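Order of the sequence lines sets the chain letters (A, B, ...), proteins ahead of strands, with each chain counted from 1. Predicted model only: the values in this text are computed from it and were never measured.
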There are 2 protein chains.
Amino acid sequence: MSRPPSHDPKRTLTLRDVSEASGVSEMTVSRVLRNRGDVSVGTRERVLEAARSLGYVPNKIAGALASQRVNLVGVVIPSLSNMVFPEVLSGISETLDDTGLQPVVGVTNYSPEREEAVIYEMLSWRPSGMIVAGLEHTEASRAMLAQAGIPIVEIMDIDGAAVDSAVGISHNRAGRQMAEAIIAAGYRRIAFLGTMMPHDHRARKRLQGFEEALARAGLELADREFYSGGSALLKGREMTEAVLKRSPDIDFLYYSNDMIGAGGLLYCLAQGIDVPGRVGLAGFNGVELLDGLPRRLATMDACRLEIGRKAAAIIAGKHDGVIGGEVIELFPTLEPGDTIRKG
Amino acid sequence: MSRPPSHDPKRTLTLRDVSEASGVSEMTVSRVLRNRGDVSVGTRERVLEAARSLGYVPNKIAGALASQRVNLVGVVIPSLSNMVFPEVLSGISETLDDTGLQPVVGVTNYSPEREEAVIYEMLSWRPSGMIVAGLEHTEASRAMLAQAGIPIVEIMDIDGAAVDSAVGISHNRAGRQMAEAIIAAGYRRIAFLGTMMPHDHRARKRLQGFEEALARAGLELADREFYSGGSALLKGREMTEAVLKRSPDIDFLYYSNDMIGAGGLLYCLAQGIDVPGRVGLAGFNGVELLDGLPRRLATMDACRLEIGRKAAAIIAGKHDGVIGGEVIELFPTLEPGDTIRKG
DNA sequence: CGGGCGGCTGTTAGCGGTAACAATAGCGGA
DNA sequence: TCCGCTATTGTTACCGCTAACAGCCGCCCG
């Protein structure tokens, strides 16, 4: 009795199927498909033809197990709806594209426990490297990353201790710089409007740096307002209204991100409030969206694309090199736009 | 000579390390860690303790190869910067969270070749299912998906033939509906403003349905404008200005997405143009952003979250059941907002 | 004319788990 | 006391592929 026809549509194909179809050993097929080692032109073509006509798709699981090599890079970020992270991702994939490495994204929703779970899950696939947003992680997360024996890059933030490498900006300094610019422009009654997220450490550090700079000038926040959930643009509008009604003497509103800042700007314009004369405004991130607004909101570019690129480059570079932590600090530029009084 | 100390920080741990540390067989450790099969309480605790203290992270590659089961679901989408897809993703992960399945995202940038590569790459990891945006794929892509022997769900669109299952809306019908509403409101000189993307089939189908409905009413597009790249909000602004200058008699602007529609709305308001009296506006998608605008743009909800949920549910449900294609059509609701004249 | 070498292909032995089945122990009932 | 059954744990055989090495052949060179 002969073997069942190899065209059985049920069973998924293996190297053996291709090897039988092309009359060479599995090893040779493997070599052809990976383009590794010497194979004669004739054999190569016969194998490729067989693979193509069968519709063979290699099994990377088996391949990875045998070769102890996985072309995956884990990327752990808090959110996809923030616009900031998709842009970091662009930088990452752009750079990884040339290297044969591939990013795999995990989202934590700003939850440390979820982050721990995501990291565990990713490490269990034995990736070639990991890119993780932020420096704050659970004890277990740091331990896992440190033990993994692969390059780890923590991104976005450099105010703290990294497990291995880090690429980012100092949010503390960014907050400070913005405060200094605001004070220099003559504003004195300054309010902060932000998200209510205990785990958004970067926003926290910006606020901290901001308040430090205020203190150094003998000032303190005149008011503050937080929100969570909902449309950021709308929340920016609402919070702005609330703050201005509550504290009519406020002369500057510092937002923790551009989206709510844009909402505030639209509100002020609609109310006929003189910006930046009566009230000044500033956000953070430099999102593309701002370009379409009636007036350019003051902001600070967070170097997102560049952070993604540099992080990916570190992983790609270390591919089989030594593991040595390097910290790359980028410097955001303050874009004063039209919502801060000139000198 | 004794074995080197098992605390060697270089080598990554295996089941054997845990088994030796806890004095039971590898099989028992495997059972404990997967919570499968009967293990005595004492043994279980001993094993868990050993695993924890060693910092053992299972190797899913080996596990998947041995068990022929992979808890991954491939998700292939054209872009992350569109806001639409992150939302679909939310629906997917939300539903998958309960099932032990995990989404893995791949981005194609609206390129069919890139999509083919991404699908190939994903299938080579033998996922439990695939969710792919759109119905248009290369011949090879469709063949691979069909051959894979796993549930395939094509999302967003149902105007066409699916490989297996599909969940989405009819973009053709959506365009038609919007046109009918616009005509019913009395607008006659209608322009279209959209993206220049030959591979955005859904936008194309909307426009097609839109024009069909116009034709049925004896009308045709009075003008059209396309853009590519850049800030959508800004482009919406610029395109609107261009169209209104070129064709001053235009009385309605139909945008292919809400972002450029919002730009157009801001432009009109800034110019003091009477909306919806002199000019009516409509977009597509129902993005959250719109809530924060000074006036509510007419739009059509694309059921993004629901599409994600339903698609994930199909994959999860079929986990080990029969593979049978089902097509789920969702019906977007037209939200007239404040930018279409009332009856 | 023989050894050596390079080009090509095959063989063997896992990679680190898990399915399936075997083995062992402890216990109650006949 | 012996048997059978259940609860628990161990053994064996791969999963599909690749590293490492072995084998074969023809040709060049001394």
Is any side-chain nitrogen or oxygen of [X] closer than 4.0 Å to OP1 or OP2 of [N]?
{"X": "Tyr56(A)", "N": "dG16(D)", "result": "no"}
{"X": "Gln68(A)", "N": "dG14(C)", "result": "no"}
{"X": "Arg69(B)", "N": "dA19(C)", "result": "yes"}

d([atom1], [X]; [atom2], [N]) in whole Å:
{"X": "Leu15(B)", "N": "dT12(D)", "atom1": "CG", "atom2": "C1'", "result": "16 Å"}
{"X": "Glu26(A)", "N": "dC15(D)", "atom1": "CD", "atom2": "P", "result": "11 Å"}
{"X": "Asp38(B)", "N": "dG10(D)", "atom1": "CG", "atom2": "P", "result": "14 Å"}
{"X": "Arg16(A)", "N": "dC17(D)", "atom1": "CZ", "atom2": "P", "result": "11 Å"}
{"X": "Arg46(B)", "N": "dT8(D)", "atom1": "CZ", "atom2": "P", "result": "14 Å"}
{"X": "Trp125(A)", "N": "dG16(C)", "atom1": "CH2", "atom2": "C1'", "result": "13 Å"}
{"X": "Leu65(B)", "N": "dG16(C)", "atom1": "CG", "atom2": "C1'", "result": "9 Å"}
{"X": "Leu33(A)", "N": "dC17(D)", "atom1": "CG", "atom2": "P", "result": "9 Å"}

(Q) Between Ala62(B) and Arg44(B), which residue's closest nucleotide on DNA chain D lies nearer the 5′ terminus? (A) Arg44(B)
Q: Starting from the 5' end of DNA chain D, give me the residue, Ser67(B) or Gly37(B), whose nearest nucleotide shows up first.
A: Gly37(B)
Out of [options], which has the shortest distance to the side chain of [X]?
{"X": "Thr43(A)", "options": "dG10(C), dT9(D), dT9(C)", "result": "dT9(C)"}
{"X": "Val24(A)", "options": "dT18(D), dG10(C), dG17(C)", "result": "dG10(C)"}
{"X": "Thr14(A)", "options": "dG16(D), dT11(D), dT18(D)", "result": "dG16(D)"}
{"X": "Met27(B)", "options": "dA20(C), dG10(C), dC15(C)", "result": "dA20(C)"}
{"X": "Val39(A)", "options": "dT9(C), dG16(D), dG16(C)", "result": "dT9(C)"}

Q: Inspect the contact between Arg114(A) and Asp97(B) and indicate whether a charged nitrogen and a carboxylate oxygen are less than 4.0 angstrom apart.
A: yes
Q.
Looking at Arg46(B) and Glu49(B), is any side-chain nitrogen of the basic one under 4.0 Å from a carboxylate oxygen of the acidic one?
A. no
(Q) Considering every strand and a 4.0 Å limit on heavy-atom distances, what is the contact class for Asn59(A): base, sugar-phosphate, or nothing? (A) sugar-phosphate
Q) With a 4.0 Å cut-off on heavy atoms, is Arg31(A) in touch with a base, just the backbone sugar-phosphate, or nothing at all? A) base
Q. Does the side chain of Val107(B) reach to within under 4.5 Å of the side chain of Phe85(B), using non-hydrogen atoms?
A. no
Q: Considering non-hydrogen atoms only, spot the tightest contact between Ile328(B) and Ile158(B) and give its length.
A: O-CG2, 4.0 Å
Q) Which sits closer to the 5' end of DNA chain C, Arg36(B) or Ser40(A), going by the nucleotide each is nearest to? A) Ser40(A)
Q) Taking Asn82(B) for the side chain and Ser79(B) for the main chain, is one N or O donor matched with an acceptor at less than 3.5 Å? A) no
Q. Backbone N or O of Asp159(B) within a donor-acceptor pair of the Asp157(B) side chain at under 3.5 Å?
A. yes
